[in-house]
Amino acid sequence: EFKIVFEIKTKITSFGRDLRQLQIYKSRAFPERHDGVKGAVVLITSDLRFKSAFEAQGFKVFPPTNGQGGDSGGERP
């Protein structure tokens with residue numbers, strides 16, 4: 001089984017608070033007891049100030065694309 005947990009934030013207002021939130025999601029989706037579930041927790045945000053810090057903690061960080069959220073400049077349907 002493979003899970004992907006997504007969190008979408010338009011802005012990172014507190015690195016510490018958002019990191020704790022992602023860690024909670026990770027602990028619930030992928031418990032310490034190895035149940036065979038593999039996957040990733042992905043943060044989607046146009047605020048990339050803390051990208052390397054989140055990635056250092058094991059999270060994937062990507063900006064929104066195709067005009068979805070944030071100020072990516074894309075057209076919206």
Side-chain angles (χ1 to χ4, degrees):
E1 182 177 358
F2 191 88
K3 285 184 185 179
I4 300 176
V5 177
F6 290 95
E7 175 67 9
I8 300 171
K9 293 199 173 285
T10 56
K11 185 174 182 180
I12 306 299
T13 55
S14 167
F15 171 74
R17 186 193 71 216
D18 292 336
L19 177 61
R20 284 188 298 276
Q21 185 179 33
L22 292 173
Q23 289 170 332
I24 289 169
Y25 296 160
K26 186 176 182 179
S27 69
R28 291 183 179 166
F30 314 106
E32 288 289 326
R33 65 182 199 290
H34 183 35
D35 57 4
V37 175
K38 295 182 181 183
V41 176
V42 177
L43 173 61
I44 307 293
T45 183
S46 56
D47 183 349
L48 300 176
R49 293 175 296 154
F50 302 104
K51 182 179 190 289
S52 61
F54 282 117
E55 289 177 341
Q57 296 297 316
F59 301 101
K60 306 292 184 192
V61 180
F62 297 101
T65 59
N66 298 326
Q68 299 170 3
D71 185 24
S72 60
E75 291 185 30
R76 299 196 176 166

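Start at 1 with the first residue, then count along the sequence. Computed from heavy atoms alone, side chains included, the values below leave out hydrogens, waters and symmetry copies.
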Item to check | Pairwise side-chain hydrogen bond (donor to acceptor under 3.5 Å, both in side chains) hits with a residue in residues 48-57, at least two apart | outcome: D47-R49, K51-E55
If I take atom [atom1] from residue [X] and atom [atom2] from residue [Y], how far apart are they, to the nearest 0.5 angstrom?
X	Y	atom1	atom2	result
L22	K26	CG	NZ	9.5 Å
F2	I4	CZ	CD1	5.0 Å
I44	T10	CD1	OG1	13.0 Å
S14	R20	OG	CZ	6.0 Å

Item to check | Partner set under ring-ring contact (aromatic ring centres under 6.0 Å, His included) for F59, not counting sequence neighbours | outcome: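 Listed in chain order: nothing, the list is empty.
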Next on the checklist: Which residues pass the ring-ring contact (aromatic ring centres under 6.0 Å, His included) test with F15, not counting sequence neighbours?
Outcome noted: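 Residues passing ring-ring contact (aromatic ring centres under 6.0 Å, His included) with F15: F50, F54.
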Item to check | Single-linkage hydrophobic cluster, 4.5 Å side-chain cutoff, F62 and I8 together | outcome: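 Same cluster: F62 reaches I8 through Ile, Leu, Val, Met, Phe, Trp or Tyr contacts under 4.5 Å.
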Checklist entry - If we only count heavy atoms from C-beta on, is the S46 to P63 side-chain gap below 4.5 Å? => result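 Of all side-chain heavy-atom pairs linking P63 with S46, none is under 4.5 Å.
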Checklist entry - Can you name the nearest heavy-atom pair linking A40 to K60, along with the distance? => result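 Nearest heavy atoms, A40 then K60: CB-CG, 4.4 Å.
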Checklist entry - Where do V41 and F30 land on the side chain to side chain contact (heavy atoms under 4.5 Å, CB included) test, with the steps shown first? => result CA-CA 10 Å; V41 176; F30 314 106; 3.9 Å; yes
Checklist entry - Does K9 have any salt bridge (Lys or Arg N to Asp or Glu O under 4.0 Å) partners at least two apart in sequence or in another chain, and if so, which? => result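 Counting only residues at least two positions away or on another chain, K9 forms a salt bridge (Lys or Arg N to Asp or Glu O under 4.0 Å) with E7, D18.
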Checklist entry - Only one of L43, V61, I12 clears side-chain contact (heavy atoms from CB on, under 4.5 Å) with L48; which? => result V61
Checklist outcome for this item: Applying side chain to side chain donor-acceptor pair (under 3.5 Å) to R17 and not counting sequence neighbours gives T13
